[in-house]
There are 2 protein chains.
Amino acid sequence: MSHIELNEKKIQILKVAEKLFSDKGFEGTSIRNIAKEAKINIAMVSYYFGSKERLLESLIIYRTSDLKLQLENLLQEDLEPIDKVNKLIELYINKINCNGGIFRIMHFELTSKKREKTLNHFTELKKGNLKSLESIIHEGQEKGVFRKDVIIPLITPTILGTFFHFHMNKIFFEKILNLNTEALYNDYIKTHLTKHIQQTIKALLVYEN
Amino acid sequence: MSHIELNEKKIQILKVAEKLFSDKGFEGTSIRNIAKEAKINIAMVSYYFGSKERLLESLIIYRTSDLKLQLENLLQEDLEPIDKVNKLIELYINKINCNGGIFRIMHFELTSKKREKTLNHFTELKKGNLKSLESIIHEGQEKGVFRKDVIIPLITPTILGTFFHFHMNKIFFEKILNLNTEALYNDYIKTHLTKHIQQTIKALLVYEN
DNA sequence: TACAAAATTAAACAAGTGTTTAATTTAAAC
DNA sequence: GTTTAAATTAAACACTTGTTTAATTTTGTA
């Protein structure tokens, strides 16, 4: 099921759908919107993907398939635990930033109790990610550099949540931080925001009350 | 404009709308859904609020009007800066948790460039909140208990982002943390999640590299 | 060239959307 | 009790939705 042949046309449709879903939400985007933007006939979406719902499903699988691999590679690098954590944060942010809207969609559209099948794929991904994080933290704890009373499953919400909330309030932060161009905004994420998250997680992991 | 007379019927509609918007999103909820649930005629929404858009606007104003006041009261309490921060975190979480879906809606529906008027009210609220937070942190910095190189506008994303991300992935966390009942889930937020956020922010504010 | 499979199309489908209308009922004021 | 305003209703409005159909064009293969 997670193997779907993706020809060029399909990928083109997926990318347009990603952009529109991200801009206007899943419900807010019509198949006619997608067809117009992708310059295809409205019947092609059903023809290729079966339905709008399964288009979303395909999109999510298409965009998340390599994240797991990258995380596992990170685990095997020869780095200090804190550097692994920092790299993991960078990896997340980079991944989300590069893949435009899909992660936004996943967080906003995949909470409903419908879309269960799509949600299952997402749950497996999150479980794997959590396992990777756990192994890094445990390593640090055994080395005596990380605290032992930290709740590991709550670390991801802090990393991703901080990023998403910033992204979510893009217009607000552009205004108060004077990020007048897209380049300035992206640069701020890559430098200040990333550093803030790394600093936060480090403090949480090593700070003793 | 921010003063709207709210009779009982209006409030009843607002509460139903909040629930449905929160469950299925703004676009995903139809006026007929709302009318059916609230046991009113579909024309009543337009009659009372003018449009679906302005129903959302009224809902947001209705739910956020007292937050500003509560924050300002907190500022004037006689507490140590770190205790004020902790109380602020508690206030946020409590506020969001009690007011069910509205904050979720605000974060998911208010990013689009449409809905500008509704968005403006929200922006003003956020600016005020940031000012309150700034004054607390500055107080702590002057007393020498907080670091001076922290980026204050990024603290709110960490507080709220962590909470929202947890809430967003409710189903996932219920599963991996064995929060089988609604009561257990809410209790986890009130205790562990709140503590995690407080611990995180404290570490960020006082930890020296 | 001829055939078959795949791709693409315009049109239609039934269902659902937010909003408005005009008629009717309810409530309040005199 | 009559008058006036507010509340409520069913029906219709024009429009959009996701999906399907059946016809046509394009493509690849023998």
Side-chain angles (χ1 to χ4, degrees), chain A residues 3-60 105 108-110 112-119, chain B residues 3-60 105 108-110 112-119:
Chain A
H3 252 227
I4 314 161
E5 313 106 55
L6 289 176
N7 56 41
E8 267 187 49
K9 211 98 204 177
K10 274 188 164 187
I11 293 178
Q12 178 209 0
I13 296 173
L14 285 180
K15 285 184 178 171
V16 170
E18 179 173 43
K19 183 179 169 295
L20 292 179
F21 286 166
S22 146
D23 282 354
K24 320 199 288 171
F26 180 74
E27 316 270 4
T29 304
S30 72
I31 291 189
R32 283 165 181 83
N33 293 152
I34 298 170
K36 195 178 176 186
E37 188 94 357
K39 284 162 191 158
I40 53 158
N41 188 276
I42 54 164
M44 293 308 288
V45 170
S46 292
Y47 178 74
Y48 271 134
F49 298 96
S51 70
K52 189 189 176 190
E53 195 72 39
R54 298 212 296 185
L55 166 66
L56 174 62
E57 196 182 319
S58 296
L59 176 57
I60 285 169
I105 302 162
F108 305 158
E109 307 291 348
L110 256 61
S112 111
K113 281 146 207 163
K114 303 177 188 179
R115 306 202 228 298
E116 253 194 84
K117 211 192 144 212
T118 319
L119 200 136
Chain B
H3 251 227
I4 313 163
E5 314 106 55
L6 290 176
N7 56 41
E8 267 187 48
K9 210 99 204 175
K10 274 188 165 187
I11 292 178
Q12 178 207 0
I13 296 173
L14 286 179
K15 285 184 177 172
V16 170
E18 178 173 45
K19 182 179 171 295
L20 292 178
F21 286 166
S22 147
D23 282 353
K24 320 200 289 171
F26 180 74
E27 317 270 4
T29 303
S30 73
I31 291 188
R32 282 166 182 81
N33 292 152
I34 298 169
K36 194 178 177 186
E37 188 93 358
K39 284 163 189 158
I40 52 156
N41 188 275
I42 53 164
M44 292 309 287
V45 171
S46 292
Y47 177 74
Y48 272 135
F49 298 96
S51 69
K52 190 188 175 188
E53 194 72 39
R54 298 212 298 187
L55 167 65
L56 175 61
E57 197 182 318
S58 296
L59 176 57
I60 286 170
I105 302 162
F108 305 158
E109 308 292 347
L110 258 60
S112 111
K113 280 145 207 164
K114 305 176 185 179
R115 305 202 226 296
E116 253 194 85
K117 211 194 145 212
T118 319
L119 199 136

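A note on names: the letters A, B, ... follow the listed sequences, proteins ahead of strands, and every chain is numbered from 1.
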Self-check item: Summary of salt bridge (charged side-chain N to carboxylate O under 4.0 Å, His left out) pairs that have at least one residue in residues 37-49 of chain A, sequence neighbours excluded
Solution: A:K19-A:E37
Rounded to the Å, how far apart are [X] [atom1] and [N] [atom2]?
{"X": "A:K52", "N": "D:dT17", "atom1": "NZ", "atom2": "P", "result": "8 Å"}
{"X": "B:K9", "N": "C:dA27", "atom1": "NZ", "atom2": "C1'", "result": "13 Å"}
{"X": "A:E57", "N": "D:dG18", "atom1": "CD", "atom2": "P", "result": "17 Å"}
{"X": "A:Y48", "N": "D:dT20", "atom1": "OH", "atom2": "P", "result": "17 Å"}
{"X": "A:E27", "N": "D:dT16", "atom1": "CD", "atom2": "P", "result": "18 Å"}
{"X": "A:E53", "N": "D:dT19", "atom1": "CD", "atom2": "P", "result": "8 Å"}

Practice problem: Identify, between A:N33 and A:Y47, the residue whose nearest nucleotide on DNA chain D lies closer to the 5' end. | Solution: A:N33
Quiz item: Closest nucleotide of DNA chain D for A:G28 versus for A:S46: which of these residues is on the 5' side?
Solution: A:G28
Self-check item: Contact letters for nucleotides 9-16 of chain C, in which S counts primed atoms plus P, OP1 and OP2 and B counts the base, heavy atoms under 4.0 Å
Solution: BBBB----
Exercise. Would you sort out whether A:I40 and A:Y48 count as a side chain to side chain contact (heavy atoms under 4.5 Å, CB included), showing the intermediate values?
Key: CA-CA 12 Å; A:I40 53 158; A:Y48 271 134; over 6 Å; no
Practice problem: Identify, with sequence neighbours excluded, every residue that meets side-chain contact (heavy atoms from CB on, under 4.5 Å) alongside B:S30. | Solution: B:R32, B:N33
Quiz item: Taking C-beta and beyond as the side chain, do B:L56 and B:K52 meet within less than 4.5 Å on heavy atoms?
Solution: no
Practice problem: Carefully, step by step, assess B:E27 and A:F26 under the rule side chain to side chain contact (heavy atoms under 4.5 Å, CB included). | Solution: CA-CA 9 Å; B:E27 317 270 4; A:F26 180 74; over 6 Å; no
Quiz prompt | Donor-acceptor contact present, side-chain B:Q12 to main-chain B:A38, <3.5 Å | solution = yes
